[in-house]
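First up is the structure itself, then whatever we jot down about it.
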Amino acid sequence: MEKSANQKTISIIGGGLVGSLNACFFAKKGFIVELYEAREDIRTAKSVSGRSINLALSYRGRQALKAVNLEDKIVANGIPMRARMIHSVNGEKYSMPYGKNDQYILSVDRANLNKELLTAAEKYSNVKLHFQHKLTDCNVESGMLVFKGKQGTAKHTYADLIVGCDGAFSSVRKQFMKKKRFNYSHVYIPHGYKELTIPPKNGEFALEPNYLHIWPRNTFMMIALPNLLSQGNPPSPSPVVEDIECTDAQPLMFPDDEDTRL
């Protein structure tokens with residue numbers, strides 16, 4: 001698409017969920033959108049790094065997807081979670097509804113959502129996606145950006161607006177930190193993160209599928225979301241464990257059914 005005299009160029013740094021969704025919104029407004037992602041295209045990559053646990057999609061998220069005509073497609077592949085299922089230390093369980101009987105949040109595949117958003121953005125004639133382009137320098141006043149490309153060569157470009165959507169270790173923020181009187185703090189919480197899988201039982205969910213399962217344990221917790229595995233495999237909840245160390249006493253913290261005991 002050729003740029004008109006009064007058209008502005010938006011450079012979005014980061015092609016994750018936030019960056020790809022922003023690309024769609026800016027494109028709908030008629031801006032020229034250049035999206036840069038340091039990783040390779042996850043739609044064609046053999047493996048994708050990062051967290052794989054499903055997202056819990058609520059009304060606000062669905063409204064954003066609706067605005068870019070993706071709500072129906074994503075919801076069709078989501079699993080309704082109508083309540084939290086709390087697993088106590090003594091093995092008892094009780095549910096806490098998210099709202100009225102007809103209200104629920106959805107467990108959706110994080111990677112698939114990202115792929116769909118990238119594809120939706122790419123369909124706009126005024127959007128161009130650049131993969132394996134890592135930001136090395138930028139000037140927010142002049143709009144100058146420098147990227148390191150796939151072959152290690154530098155690419156210089158300019159934008160009317162730079163939008164940083166590149167996560168916790170943002171390259172855009174790093175450039176701001178070089179400016180005077182720019183305050184920034186980064187504090188780590190004293191918890192780790194680990195993903196586990198509870199395999200299906202007889203081809204069915206090992207746990208009740210329409211809940212967000214929670215094992216609250218004071219200083220740490222575990223959560224499990226229902227997950228539809230790809231390639232026709234049976235569904236399986238994919239739990240996330242935060243700061244759990246393996247000890248002989250650990251099974252006592254999760255005294256559920258033997259088939260799902262960690």
Side-chain angles (χ1 to χ4, degrees), residues 1 10 12 14-35 37 39-45 48 50-85 95-129 131 163 165 167 195 197 200 203-205 207-213 223-240:
M1 179 179 179
I10 311 292
I12 297 176
L17 297 174
V18 177
S20 52
L21 180 60
N22 267 284
C24 293
F25 276 109
F26 279 119
K28 288 185 66 175
K29 294 289 186 180
F31 293 99
I32 297 293
V33 180
E34 304 280 347
L35 184 147
E37 168 59 47
R39 301 172 298 172
E40 61 181 312
D41 190 341
I42 64 171
R43 297 170 297 177
T44 57
V48 180
R51 296 181 179 180
S52 61
I53 184 173
N54 279 16
L55 287 174
L57 183 67
S58 65
Y59 176 80
R60 183 174 62 177
R62 290 181 61 168
Q63 290 302 104
L65 294 175
K66 183 178 181 179
V68 295
N69 300 316
L70 275 181
E71 182 188 20
D72 292 342
K73 190 171 187 178
I74 299 303
V75 169
N77 292 310
I79 303 175
M81 298 185 293
R82 304 183 183 280
R84 310 167 187 85
M85 180 65 77
S95 64
M96 299 174 59
Y98 281 108
K100 300 177 181 178
N101 291 336
D102 60 340
Q103 294 177 322
Y104 54 85
I105 61 176
L106 283 164
S107 175
V108 300
D109 185 277
R110 180 189 301 264
N112 180 65
L113 176 57
N114 200 169
K115 293 174 184 178
E116 293 291 353
L117 284 167
L118 286 170
T119 299
E122 200 171 40
K123 289 180 179 179
Y124 290 95
S125 61
N126 49 329
V127 173
K128 187 171 183 180
L129 308 182
F131 295 100
V163 182
C165 302
E195 292 186 11
T197 297
E204 300 294 335
F205 286 99
L207 300 174
E208 299 92 332
N210 297 117
Y211 296 90
L212 194 161
H213 292 265
I223 65 173
L225 287 80
N227 176 34
L228 291 175
L229 299 180
S230 60
Q231 300 177 346
N233 291 327
S236 172
S238 296
V240 170

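Along the sequence shown, residues are numbered consecutively beginning with 1. Atom set for the values below is all heavy atoms of this structure, side chains included, hydrogens, waters and symmetry mates excluded.
- Here the side chains of L113 and L65 are in contact, with some heavy-atom distance below 4.5 Å.
- Residues passing the side chain to side chain contact (heavy atoms under 4.5 Å, CB included) test with A120 are C24, L70, sequence neighbours excluded.
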Run the numbers on L55 and L17 for side-chain contact (heavy atoms from CB on, under 4.5 Å), then give the verdict. CA-CA 11 Å; L55 287 174; L17 297 174; 3.5 Å; yes
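- Considering only residues two or more places apart in sequence or on other chains, Y59 meets the side chain to side chain contact (heavy atoms under 4.5 Å, CB included) condition with Q63.
- Within the 4.5 Å cutoff, the side chain of K128 has no heavy atoms near those of the L35 side chain.
- Applying the side chain to side chain donor-acceptor pair (under 3.5 Å) test to every pair with at least one member in residues 70-80, sequence neighbours left out, gives these pairs: R62-E71, K73-E116.
- Residues passing the side-chain hydrogen bond (donor to acceptor under 3.5 Å, both in side chains) test with R39, sequence neighbours excluded: E37.
- For Q103, the side chain to side chain contact (heavy atoms under 4.5 Å, CB included) criterion is met by K100, not counting sequence neighbours.
- Under the 3.5 Å distance criterion, the side-chain polar atoms of K28 are matched with a main-chain donor or acceptor of A67.
- In this structure Y98 satisfies the ring-ring contact (aromatic ring centres under 6.0 Å, His included) test with no other residue, sequence neighbours excluded.
- Other residues, nucleotides and ligands contribute at most 12 non-hydrogen atoms within 6.0 Å of the NZ atom of K123.
- Between G78 and P80, the closest heavy-atom pair is O-CD, 3.8 Å.
- N210 places no side-chain N or O within donor-acceptor distance of the main-chain N or O of R82, the cut-off being under 3.5 Å.
- Residues passing the ring-ring contact (aromatic ring centres under 6.0 Å, His included) test with F26 are F31, sequence neighbours excluded.
- Residues M96 and M85 have side chains not in contact (no heavy-atom distance under 4.5 Å, counting atoms from C-beta outward).
- For S107, the side chain to side chain contact (heavy atoms under 4.5 Å, CB included) partners at least two apart in sequence or on another chain are N54, I79, M81, L225, P226.
- When all heavy atoms of G30 and N126 are compared, the closest pair comes out as C-ND2, 3.8 Å.
- Scored by the side-chain hydrogen bond (donor to acceptor under 3.5 Å, both in side chains) test, T119 finds R43 as partners (sequence neighbours excluded).
- Between A83 and S95, the shortest heavy-atom contact is CB-CB, 4.2 Å.
- Atoms CZ and CG, on R110 and L57 in that order, are 11.5 Å from each other to the nearest 0.5 Å.
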Criterion side-chain contact (heavy atoms from CB on, under 4.5 Å) on Y124 and V33, from CA distance to verdict: CA-CA 9 Å; Y124 290 95; V33 180; over 6 Å; no
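- The two residues A121 and A23 have their closest heavy-atom pair at CB-CB, 4.0 Å.
- For the side-chain hydrogen bond (donor to acceptor under 3.5 Å, both in side chains) test, no residue two or more places apart in sequence or in another chain qualifies with N69.
- Shown here for L118 and G15, the closest heavy-atom pair between the two residues is CD2-O, 3.7 Å.
- Counting only heavy atoms from C-beta outward, the side chains of I32 and I10 never approach each other to under 4.5 Å.
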